[in-house]
Structures are given as C-alpha cells and as structure tokens.
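This report refers to the structure that appears directly beneath it.
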Amino acid sequence: MLQLPLIREHQNEIIGSLKKRNIEAAPLVEKVLQLDEERRALQTKLDATLAESNKLSKEIGNLFKSGKAQEATVLKEKTGTLKEESKLLGDDLNTVVKALQDLLYQIPNIPHSSVPAGSTDADNEEVFREGDIPDLIAGALPHWELAKKYDIIDFELGVKISGAGFPVYKGKGARLQRALIAYFLDKNAAAGYTEMQVPHLVNEASGYATGQLPDKEGQMYHVGEDDLYLIPTAEVPVTNLLRGEIVDQKEFPICYTAYTPCFRREAGSYGAHVRGLNRLHQFDKVEIVRAEHPNNSYQALDGMVEHIKDILRELKLPFRVLRLCGGDLGFTAALTFDFEVFSTAQDRWLEISSVSNFETYQANRLKLRFKDEQGKSQLAHTLNGSSLALPRVLAGLLENYQTEDGIEIPEVLRSYCGFDRID
RNA sequence: GGAGGAAUGGCAGAGUGGUCGAAUGCACUAGUCUUGAAAACUAGCGAGGGUCACACCUCCGGGGGUUCGAAUCCCUCUUCCUCCGCCA
C-alpha cells in the first residue's frame with residue numbers, strides 16, 4: 001500500500017510512474033486525495049466535538065463533587081447532543097476511511113525507475129545469461145517422460161489421491177527433492193539467512209499484510225470452517241513474522257529463509273505449458289526474505305540476485321536473468337528480477353525464481369518500522385526471492401542431465417542424495 | 001471437548017467509574033562524575049492522527065454496549081494459563 005503523504009506530495013510522479021504498468025491512475029489518485037481531504041475534515045470536526053464533550057464531562061464531575069447537582073444536570077443535556085453529533089461524525093468518518101482503504105488497496109506499487117516499459121513477458125529485459133546449453137542425446141525426453149521412464153514422479157497416483165497438479169515423488173525422485181531442499185537451505189544459511197519453520201496455514205490479516213489479499217483472493221485455497229488460507233508461498237508467513245514490529249535499525253538486515261510447500265489454485269490454462277512439473281497446485285519452495293533499511297534495499301536486492309546466480313552456477317544449469325517490465329511486474333513489487341533455467345528438452349525457458357524489492361509497499365501494510373537517528377518511526381523495506389522453486393529446478397535437472405541410460409546428479413547434490421545417478 | 005482464571009507501555013507490574021496515556025521497577029537514550037568503564041545522580045523515554053509549531057483527538061487483546069464520564073461495569077470474539085478428558 002502506498003503511503004498517503006507520498007501520494008499527496010508526489011501525485012503527478014506517481015501517476016506518471018504507474019503508466020509503466022499500463023495503468024491510468026489519475027482518476028484513482030484523484031479520488032484518493034479527495035477522500036483523504038474529506039477524512040481529515042471529518043476527523044477535525046469529530047476531534048473538536050470530542051474535545052468539547054471531554055471538557056464538559058470534567059466539569060460535570062467537578063460540579064457533582066462540589067454538590068452542585070442542579071448545574072450538572074443542565075450540562076448533561078448538552079453532552080447528549082454532542083454525543084449524537086460525534087456518533088454521526090464517527091460513522092461518516094468510518095465510511096470514508098473504509099472507502100479510502102479500499103482504493104489504496106487497488107493502487108499497485110510504483111515501479112522503480114529502472115523498470116522497462118512494456119506489457120507482456122516479451123518486453124522483459126534480459127540482463128544476464130550464463131551457462132552452456134548442453135548438446136543432448138538424440139531423442140532427448142521432456143521431464144514428464146523421464147519421470148515415468150525412471151519411475152521417480154507419479155502424476156496419475158497424485159490424481160487418484162488429490163487431483164491434477166499434485167504429483168507423488170517416488171524413491172530417488174523423493175530423495176532428490178529432499179536433497180534439493182537441504183542444499184538450498186544450507187546455501188541460504190551460509191549466506192546469513194536464519195532458517196525458520198513456519199505455519200503453512202495463515203489468517204486473513206497475514207494475507208492482507210503481504211498483499212495476497214484482496215488482490216489475489218482466488219489464487220489461495222481457503223479453509224472456510226476455520227477461515228485460514230493455505231500459503232501460496234513462504235513469503236506470507238515469513239514476512240508476517242515482522243508484522244507490527246518496530247525494530248532497532250541496528251538489527252538490519254533481517255534475513256530469513258524457510259522451506260515450505262506452496263499451494264496455488266491457479267485456475268485455467270491447460271496444454272503443454274502446464275504439463276508435468278511446469279505448473280502445480282502443490283509444490284515445494286525455499287524462500288529468502290529480507291527486511292532492510294531503505295538506503296540499503298537495492299544493494300540487498302543485488303546481493304540476492306548474486307546469491308541465486310551462485311546456486312545455479314553450482315548446479316551447472318544454463319540460466320538467464322530478466323528485469324521484469326511494467327506490465328509483468330507483480331502488484332506489490334517495485335523491481336523484480338526473474339531467473340529462468342533453460343529446459344533443453346522442452347526448448348524453453350522455465351521461471352525458477354523471482355527476486356523482488358517491495359520498498360515500503362508491504363511494510364506499510366505490515367506496519368514494519370524502525371527508529372531513525374531522530375527517533376522517528378519509518379517504514380522499512382522488504383524483499384524476497386525464491387531460492388529456489390523445486391519443480392522447475394527438478395525439471396531442468398532431469399532434462400539437461402539426461403544420458404542414454406540414466407540421469408546424472410550434479411556434483412553438489414551427490415552428498416545430499418547419497419547416489420550419483422538415477423537409472 | 002468440559003471447568004475455572006487472565007490479557008495494561010520493550011519487559012515486569014500497579015491501577016475496579018472522573019484529576020489516568022496510565023504509579024513503580026528493570027531495560028533503553030542523553031548528560032554529570034570518572035583516565036575509561038561500572039556504580040551513583042539528573043533528565044528523557046509507547047503508538048497513530050492532526051498542526052508551520054502548539055493545541056487537540058484516538059488507542060489499556062479485537063468488536064459492540066451502559067454512563068455526562070470506562071483501563072475499570074455489561075455483552076461478544078480471540079488468545080494465553082491452570083485442572084480434567086482425548087491424542088501424534
């Protein structure tokens with residue numbers, strides 16, 4: 001959520017920046033400012049009424065104490081009208097505040113100045129590429145066929161138990177999955193991220209604070225009976241660890257990592273692009289989350305990008321990094337880098353990580369603040385990134401490491417797996 | 001699931017209808033003293049709105065109510081604790 005004072009002072013810049021998202025924000029912003037003005041006017045009126053009524057109440061108390069019940073009774077009548085007035089004003093104020101809130105929820109974050117204009121993923125800007133695309137054997141298979149051939153992932157079995165999009169990992173497939181989780185967590189811990197284990201179901205307040213609600217209500221599984229949401233990413237519970245906190249700025253950077261399953265309803269879209277592991281209702285992911293001083297957040301973002309590059313180098317997967325264009329940028333992000341691994345057998349790039357700086361947008365909803373040198377509260381910056389999403393890493397590994405008679409395991413993973421090939 | 005108790009500032013903890021945004025202690029910050037530190041002493045020290053700055057307003061787990069007036073009384077929800085039951 002954008003901060004109101006910022007909108008007040010930089011109305012035109014904000015409208016200009018949001019054009020990069022292909023959003024015509026002028027009417028929205030105007031309405032916000034209008035409501036904000038109404039809000040302040042009502043608040044001032046209400047405050048004055050309450051002040052008057054407070055004053056009278058004190059007088060009445062004093063009159064009673066000095067035995068002047070008669071005079072007190074006269075004053076009492078006056079407070080009656082004030083009370084009615086303040087009730088009405090309070091109701092009006094609530095209505096305006098609610099409307100204002102709803103509007104603010106509809107305004108996405110302001111894109112960083114480096115975000116390229118554009119409307120689709122075709123307009124994303126490639127900023128880095130590394131790793132050789134392997135020459136695969138003749139008749140190289142996509143991962144869903146490899147999974148079947150070596151009996152390591154069973155999609156049909158998952159359909160029986162739950163439905164499409166819930167794969168069952170078997171034998172070496174399951175072990176490789178566990179190895180990847182352990183490896184990612186170890187890498188993140190070595191880079192200074194504190195490992196956390198967090199709930200996989202969250203309440204509504206958490207969903208609002210990180211921005212999944214009300215924007216992406218339909219993407220999350222909702223447990224109606226208990227009014228809880230299955231997490232679509234560890235970002236939600238992990239970032240919410242800091243909700244409502246006022247931290248000492250000496251504590252920055254605050255760095256967390258967590259492995260969780262992720263649950264996504266992901267309505268629609270069938271065909272080759274969602275085959276196999278490409279798109280699932282449940283998948284595993286290791287996430288990194290940071291809270292930073294505003295002065296450091298972009299440096300931190302670069303650090304996170306380098307960290308993920310390092311992991312992909314160790315896995316020896318060919319990858320590229322994209323700077324997302326305005327049209328592809330998530331609602332809450334100011335700047336996002338996507339990582340994509342080249343899946344040779346599918347002949348396409350697969351998104352395996354998304355690293356973003358949210359600046360104060362999430363922090364404003366979270367109410368995550370710190371005390372600056374003047375002792376004033378200021379919103380922190382939050383960032384997060386996948387390091388990494390398992391299914392597509394697995395897809396890339398299976399497809400790029402296949403040989404005639406088996407799948408090689410990358411060297412860094414062998415000690416985690418306890419085997420060096422799947423055959 | 002049943003019975004009882006509780007929720008107050010970073011922490012501990014007083015406050016049971018008015019002068020309470022809230023005693024006191026600890027922690028923290030600044031200063032004095034000291035070669036330096038500790039101790040001692042002095043001062044400051046919750047959050048939000050509002051204002052050029054004051055004033056002023058709101059917040060004692062959340063919501064609602066009673067009252068001229070609520071941290072304090074009532075209703076309700078949530079959470080925690082104790083005991084019983086069940087249980088990985």
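Protein chains get the first letters and strands the later ones, always in sequence-line order, with residue 1 at the start of each. What you see is a predicted model, and the numbers here were worked out from it, not measured in a lab. When reading the values below, keep in mind they use all heavy atoms of this one structure, side chains included, and skip hydrogens, waters and symmetry mates.
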Gap in Å between the two C1' atoms, one belonging to B:A39 and one to B:U34, rounded: 11 Å

Side-chain donor-acceptor contacts of residues 49-60 of chain A below 3.5 Å, not counting sequence neighbours, with atom names and distances?
from	atom 1	to	atom 2	distance (Å)
A:Thr49	OG1	A:Lys45	O	2.8
A:Asn54	ND2	A:Leu50	O	3.4
A:Ser57	OG	A:Ser53	O	3.0

Interatomic distance at C1', B:G31 relative to B:A14, whole Å: 30 Å

Nucleotides 51-68 of chain B: protein proximity per nucleotide (B base, S sugar-phosphate only, - neither; heavy atom, under 4.0 Å): S----SSS--------BB

Gap in Å between the two P atoms, one belonging to B:C77 and one to B:G1, rounded: 13 Å

B:G50 phosphate, OP1 or OP2, under 4.0 Å from A:Arg39 side-chain N/O: yes

Partners meeting ring pair (Phe, Tyr, Trp, His ring centres under 6.0 Å) with A:Tyr401 (sequence neighbours left out): none

For A:Asp310, all residues meeting side-chain hydrogen bond (donor to acceptor under 3.5 Å, both in side chains), sequence neighbours excluded: A:Lys187

Pull out every protein N or O sitting under 3.5 Å from an N or O of nucleotides 45-48 of chain B, one pair per line with the distance.
from	atom 1	to	atom 2	distance (Å)
B:A47	OP1	A:Lys371	NZ	2.0
B:A47	O3'	A:Arg369	NH1	3.3
B:G48	OP1	A:Arg369	NH1	3.1

Distance, C1' atom - from B:C59 to B:C20, rounded to whole angstrom: 14 Å

Partners passing ring pair (Phe, Tyr, Trp, His ring centres under 6.0 Å) against A:Phe155 (at least two apart in sequence or in another chain): none

Whole-Å P distance, B:C11 and B:C84: 31 Å

Any A:Leu33 side-chain heavy atom under 4.5 Å of A:Ile7 side chain: yes

Of all pairs that satisfy salt bridge (charged side-chain N to carboxylate O under 4.0 Å, His left out), the ones with a partner from residues 190-214 of chain A, not counting sequence neighbours: none

Spacing of A:Lys367 atom NZ relative to B:G49 atom C1', expressed in whole Å: 12 Å

Secondary-structure stems for RNA chain B, with pairs counted as Watson-Crick or G-U when both distances are under 3.5 Å and runs at least 3 long: B:1-7 with B:78-84, B:10-12 with B:24-26, B:28-32 with B:40-44, B:46-49 with B:56-59, B:61-65 with B:73-77

Hey, can you pull the donor-acceptor pairs under 3.5 Å for the side chains in residues 230-248 of chain A, sequence neighbours left out?
from	atom 1	to	atom 2	distance (Å)
A:Thr233	OG1	A:Glu235	N	3.0
A:Thr233	OG1	A:Lys285	NZ	2.9
A:Glu235	OE1	A:Asn384	ND2	3.3
A:Glu235	OE2	A:Gln362	NE2	2.8
A:Glu235	OE2	A:Asn384	ND2	3.4
A:Thr239	OG1	A:Glu235	O	2.6
A:Asn240	OD1	A:Arg243	NE	2.6
A:Asn240	ND2	A:Ser206	O	2.9
A:Asn240	ND2	A:Val236	O	2.8
A:Arg243	NH2	A:Ser206	OG	2.9
A:Asp248	OD1	A:Lys250	N	3.0

C1' spacing across the pair B:C33 / B:G49, given as an integer number of angstrom: 43 Å

Counterpart residues, ring pair (Phe, Tyr, Trp, His ring centres under 6.0 Å), relative to A:Tyr256 (two or more places apart): none

Listed partners of A:Arg39 passing salt bridge (charged side-chain N to carboxylate O under 4.0 Å, His left out), at least two apart: A:Asp36

Under the ring pair (Phe, Tyr, Trp, His ring centres under 6.0 Å) test, residues paired with A:Phe252 that sit two or more places apart: A:Phe370

A:Lys45 NZ to B:G50 P, straight-line distance once rounded to whole Å: 18 Å

Same-atom distance (C1') from B:U66 to B:C54, integer angstrom: 36 Å

P gap between B:G21 and B:G61, integer Å: 15 Å

Residue pair A:Leu324, A:Val115: steps toward the side-chain contact (heavy atoms from CB on, under 4.5 Å) verdict: CA-CA 7 Å; A:Leu324 293 194; A:Val115 170; over 6 Å; no

